2 protein chains.
Amino acid sequence: MGRAQTGTGARPPRATIIDVAREAGVSPATVSRVLTGSKPVSAGPEQRVRAAVARLGYRPNPAAQGLLRGTTSAVGVVVPDLSNPYFAEVLKGVTNAAQHADFRTLVADTGEKAATERDAALELSRWADGVVLCSPRMSQWELTELAAAVPRLVCVNRLSRGTSIPAVAVDFEAGVASICHHLRELGHRRVAYLRGPARAWSERARQRGLRAAAGPDLEIVQIPCGSSSVDGHRAADAALATRATAVMAFSDYVALGALARFDELGVSVPDEVSLTGFDDISLSRLVSPRLTTVTVNKQDLGRRAWELFVETGADGEDGPVVMVTPELVVRASTAAPADMAGSLPKTAVDR
Amino acid sequence: MGRAQTGTGARPPRATIIDVAREAGVSPATVSRVLTGSKPVSAGPEQRVRAAVARLGYRPNPAAQGLLRGTTSAVGVVVPDLSNPYFAEVLKGVTNAAQHADFRTLVADTGEKAATERDAALELSRWADGVVLCSPRMSQWELTELAAAVPRLVCVNRLSRGTSIPAVAVDFEAGVASICHHLRELGHRRVAYLRGPARAWSERARQRGLRAAAGPDLEIVQIPCGSSSVDGHRAADAALATRATAVMAFSDYVALGALARFDELGVSVPDEVSLTGFDDISLSRLVSPRLTTVTVNKQDLGRRAWELFVETGADGEDGPVVMVTPELVVRASTAAPADMAGSLPKTAVDR
DNA sequence: CTGTTAGCGCATTCAT
DNA sequence: ATGAATGCGCTAACAG
């Protein structure tokens, strides 16, 4: 009973370094020296080794190398949800940087469940030299404990005071502040804020920005909401009911959901109500009206996490923290409140 | 010079199975037996081993296990672009299924460059037991050659006639046909098609669907376009210039770009022109008007790829091919052409 | 039921 | 400059 001649049928066993050595008429050690370049090898054997490697299609077994070197040349990335383009972008940033350094990327999706973050990180840490943890939802206490068990743990969008976990994070506080500033300049005095998950570190940071920006000339009304577009869709009515002239969403996703609801309701944006997002996902400039938001380069976030990962390996000293300041991008979803139409000069912005 | 007491400062060396054995007062083999459950172990030693494992926080070294077993319990996934939520979703599907089977996922991003696909797959194949290749752009010839070098290669959205590469793919042909049918039912007779990348397998499949659907009562005008939203934005004017009453986009992304352009132009959808997408990305139901498209469960695609991956390991016989038929979802971006308004009964659909 | 031995594939000693 | 020997951490095959 013969096997198919093409495709996956007959598969020759993988060549080992011994096969190559035999084929080239040298010792395994010489093959290794040629491949790693660790010690000089004279031209003759070198050529024969290279030829044998090519002929056999030999590639060293990473597991064996890892076992010997005690290092894997791999980095783990734990994300709450790969369906969320935000995390997919961060992952891409890490992966690209890692590939550049000849590192592999292992990925785990926790399905937004804080309970599985720990196990996922622990598991990946056995396969990789370290782990990048994106927006971990676990408690501060768990995180600290995890950092003790995982070599080279780097956080994205989660800062931990008192511990030395390296982290790169968006300055949500500053982002929220710039949105508030923008809305106040337009003349808004009462803004509804569509809250994200209460336990999220980024939400708490936003709250700090809100507290700093609130004052006699800017009232913030908090609306429980969530982080998805359907959350935004659901919370839109409550936001409208507050009689606020502007709605500030936790994220672009939430804003887009709210926008869809406003559209269903026949509420015009920005004529009747202004709307802002956060993150500047690609679709925010495609919807109508184009969304005013705050922009952050997610791939860059991932790239910086990689850099931290590399640095951390070097010393293992106190965890450096990189803050990335997002930038306000004013588009068409914000305008002066209806009762002030014409009382302010038109702003010349990216419309 | 003391190290920091918290966080990443002092790190004890990883415990090995020998440490555990010593700690429990047994031999390494017994520890292994307790952990793998390969052979029975009496209660006393078992308890001591478990306690020692917990105390030392021991976890077996996967590299060593892999070396011994000749298998890695990992699967590689190669995608053209992680920024594209389509691929991120497929990746999530694979990852979730893999995690369920206690497999790790390695990911590589080729940056849409066909030239790097081969290397990425080859590289991952050394670290994993096999590779899932998403929408490979490489030539048929390269793909066949790659399949011979990579154990357990599975393709997503790329069928190869003549070879036995297992694959799961969306039935683009049927999807396009159902859109054509829908538009013809509405009364459209002239449709502009915004073409995807000419070399893409999925585009060629769409063309087959188009050829089958075209006829005396349905003319298809081809417009070179691309696969991104900016491509759609750019090609929108040309589509309008054809005087077609409906525009059929290669994908939802392209459609969203075109929609944004129509909005800028003041062209009303669907009153002046109907518009359709393909894929049903989450934002298609949030834009205004909500996009008529064809839906496919991308995570399911990934899950099925995983299943194929598992099956392939079992026999290694001829590659099974799974076709996933997408479903038309009619929303608000399609209607009867303007010159036929009122001449057809309103369709009762998801508006 | 348990301990001892050997070897997975490789890089790195140490000899030559 | 090269070859032979050693061991990374683990599990499977033997012995007891």
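Each chain gets a letter, A, B and so on, in the order its sequence line appears, and its residues count up from 1. Source: prediction; values computed, not measured.
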Quiz prompt | Those residues that, when tested against B/Arg118, pass side-chain contact (heavy atoms from CB on, under 4.5 Å) (two or more places apart) | solution = B/Leu122, B/Glu145, B/Leu146
Quiz item: Pairs in or reaching into residues 66-87 of chain A: which pass salt bridge (Lys or Arg N to Asp or Glu O under 4.0 Å), with residues at least two apart or in two chains?
Solution: A/Asp81-B/Lys92
Self-check item: Interatomic distance where CD1 belongs to A/Ile18 and P belongs to D/dG3 [whole Å]
Solution: 14 Å
Quiz prompt | For A/Pro85, all residues meeting side-chain contact (heavy atoms from CB on, under 4.5 Å), sequence neighbours excluded | solution = A/Tyr253, B/Pro85
For nucleotides 14-16 of chain D, tabulate all protein N/O to nucleotide N/O atom pairs closer than 3.5 Å, reporting atom names and distance.
none

Practice problem: Within residues 61-76 of chain B, find the residues that approach DNA chain C with a heavy atom at under 4.0 Å, and present them sorted by residue number. | Solution: B/Leu67, B/Leu68
Quiz prompt | Validation row: A/Leu133, A/Met138 side chains within 4.5 angstrom (heavy atoms) | solution = yes
Self-check item: Under 3.5 Å donor-acceptor, B/Thr36 side chain and B/Ser32 backbone
Solution: yes
Quiz item: Could you give the start and end, 5' to 3', of the contact zone on DNA chain C for chain B, using atoms under 4.0 Å from its heavy atoms?
Solution: C/dC1 to C/dG9
Quiz item: Can you pull the ring pair (Phe, Tyr, Trp, His ring centres under 6.0 Å) pairs that have at least one residue in residues 101-121 of chain B, sequence neighbours excluded?
Solution: B/Phe103-B/Trp306
Quiz item: If you fit an axis to the five pairs at each end of the helix from C/dC1-D/dG16 to C/dT16-D/dA1, how big is the angle between those two axes, to 10 degrees?
Solution: 50°
Exercise. Please list, chain by chain and in numerical order, all residues satisfying salt bridge (Lys or Arg N to Asp or Glu O under 4.0 Å) with B/Arg50, sequence neighbours excluded.
Key: B/Glu46
Exercise. May I ask you to verify if any side-chain N or O of A/Thr30 is less than 4.0 angstrom from the OP1 or OP2 atom of D/dG3?
Key: yes
Quiz prompt | Sequence-distant partners of A/Ser160, side-chain contact (heavy atoms from CB on, under 4.5 Å), two or more places apart | solution = A/Gln140, A/Leu143, A/Thr163, A/Ile165
Exercise. Identify whether any heavy atom of A/Val41 sits under 4.0 Å from a base atom; if not, whether one sits that close to sugar-phosphate; answer base, sugar-phosphate or nothing.
Key: sugar-phosphate
Quiz item: Could you state the interatomic distance from CG (A/Leu308) to OG1 (A/Thr312), rounded to the nearest 0.5 Å?
Solution: 5.0 Å
Exercise. Would you mind reporting whether B/Glu142 and B/Glu117 have side-chain heavy atoms less than 4.5 Å apart?
Key: no
Quiz item: Looking at residues at least two apart in the chain, or sitting in another chain, which of them share a side-chain contact (heavy atoms from CB on, under 4.5 Å) with B/Ala24?
Solution: B/Val26, B/Arg48, B/Val49, B/Ala52
Practice problem: Name the nucleic acid region contacted by A/Thr16, choosing base, sugar-phosphate or nothing; use a 4.0 angstrom heavy-atom cut-off, strictly under. | Solution: sugar-phosphate
Exercise. With DNA chain C as reference, determine whether B/Ser42 or B/Arg126 sits nearer its 5' end, using the nearest nucleotide of each.
Key: B/Ser42
Practice problem: Determine the contact category for A/Pro28: base if any of its heavy atoms lies under 4.0 Å from a base atom, sugar-phosphate if only primed atoms, P, OP1 or OP2 are that close, otherwise nothing. | Solution: nothing
Quiz item: Who passes salt bridge (Lys or Arg N to Asp or Glu O under 4.0 Å) against B/Arg158, sequence neighbours left out?
Solution: none
Quiz item: Tell me: CZ of A/Arg22 to P of D/dG3, nearest whole Å?
Solution: 14 Å
Quiz item: Is the distance from OP1 or OP2 of D/dT11 to the nearest side-chain N or O of B/Ser38 less than 4.0 Å?
Solution: no
Practice problem: Taking the side chain as every heavy atom from C-beta outward, state whether A/Lys298 and B/Ser83 have any atom pair closer than 4.5 Å. | Solution: no
